[in-house]
Amino acid sequence: MKSLEELKAIREKMQGQVGLRSSDADSTRVVVGMATCGIASGARPVLNLLSNEVQSRQLDGIVVTQTGCIGLCQYEPIVEVYEPGKEKITYVKVNEEKAKDILEEHLIGGNVVEKYLLRMDENK
């Protein structure tokens with residue numbers, strides 16, 4: 001990214017792709033951290049993959065959004081999944097391959113991908 005205009009163009013493109021229906025209480029929200037630490041760690045391809053797959057597969061009830069800093073920079077890229085009536089799930093160090101697994105196993109299959117979860121006792 002080399003200019004403010006390029007950043008604005010990316011923002012406009014993403015607003016068209018990323019659902020912002022946060023008021024829909026029945027939807028599963030998938031939130032990707034897109035602060036500078038997340039972007040530097042590779043969050044943009046993760047956001048793009050999740051957004052594009054949800055749209056192309058017409059997965060109703062799943063909304064992909066982005067947020068700023070989540071506060072755990074060492075674990076970026078971070079993907080949080082908010083399902084109605086359940087506790088938040090936080091996936092860490094997510095790359096495109098992990099994002100595909102999260103999409104297939106968790107968002108479609110309903111099974112949390114334990115090996116990608118945030119573990120505060122990790123020494124990694």
Can you confirm whether [X] sits close enough to [Y] that some side-chain heavy atom of one is under 4.5 Å from a side-chain heavy atom of the other?
X    : Y    : result
Y91  : I78  : no
V32  : T67  : no
K100 : L49  : yes
I108 : R57  : yes
V112 : L117 : yes
V79  : V31  : no
E104 : E53  : no
K88  : V81  : no

Notebook entry, point to check: For Y116 and E114, does a side-chain donor sit closer than 3.5 Å to a side-chain acceptor?
Noted result: no
Grab the two heavy atoms, one from [X] and one from [Y], that are nearest each other, plus how far apart they are.
X   : Y    : answer
V54 : L103 : CG2-CD1, 4.2 Å
V94 : A99  : CG1-N, 3.8 Å
Q66 : M34  : CB-CG, 3.6 Å
G33 : I70  : CA-CD1, 3.8 Å
A35 : C69  : CB-N, 3.5 Å
G38 : E76  : CA-OE1, 3.5 Å

Just how far is it from atom [atom1] of [X] to atom [atom2] of [Y], taken to the nearest 0.5 Å?
X    : Y    : atom1 : atom2 : answer
N111 : D101 : CG    : CG    : 12.5 Å
Q55  : I62  : CD    : CD1   : 12.0 Å
Y75  : T90  : OH    : OG1   : 11.5 Å

Next item on the list: Let me see the working for L72 and V92 under side chain to side chain contact (heavy atoms under 4.5 Å, CB included), right down to the final yes or no.
Entry: CA-CA 9 Å; L72 299 167; V92 296; 5.8 Å; no
Item checked: Note: E105-K115 ion pair, threshold 4.0 Å (strictly below) ->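 Judged by the 4.0 Å cut-off on N to carboxylate O distance, E105 and K115 do not form a salt bridge.
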Check: Can V30 and T65 be said to form a side chain to side chain contact (heavy atoms under 4.5 Å, CB included), step by step?
Finding: CA-CA 6 Å; V30 180; T65 63; over 6 Å; no
Margin query: Determine whether a donor-acceptor pair (N or O, by modelled atom type, separation under 3.5 Å) exists between the side chain of S51 and the backbone of L47.
Written below: no
Note to self: Taking side chain to side chain donor-acceptor pair (under 3.5 Å) as the definition, give me every residue that meets it alongside N95, ordered by chain and number, with sequence neighbours left out.
What the structure shows: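 For N95 there are no side chain to side chain donor-acceptor pair (under 3.5 Å) partners, ignoring immediate neighbours.
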Next item on the list: Check whether V46 and I39 end up in the same hydrophobic cluster, where Ile, Leu, Val, Met, Phe, Trp and Tyr are linked by side-chain heavy atoms less than 4.5 Å apart.
Entry: yes
Notebook entry, point to check: Do E83 and H106 pass the side chain to side chain contact (heavy atoms under 4.5 Å, CB included) test, and can you show the C-alpha distance, the side-chain angles, and the key distance before you say yes or no?
Noted result: CA-CA 11 Å; E83 295 177 279; H106 186 165; 3.0 Å; yes
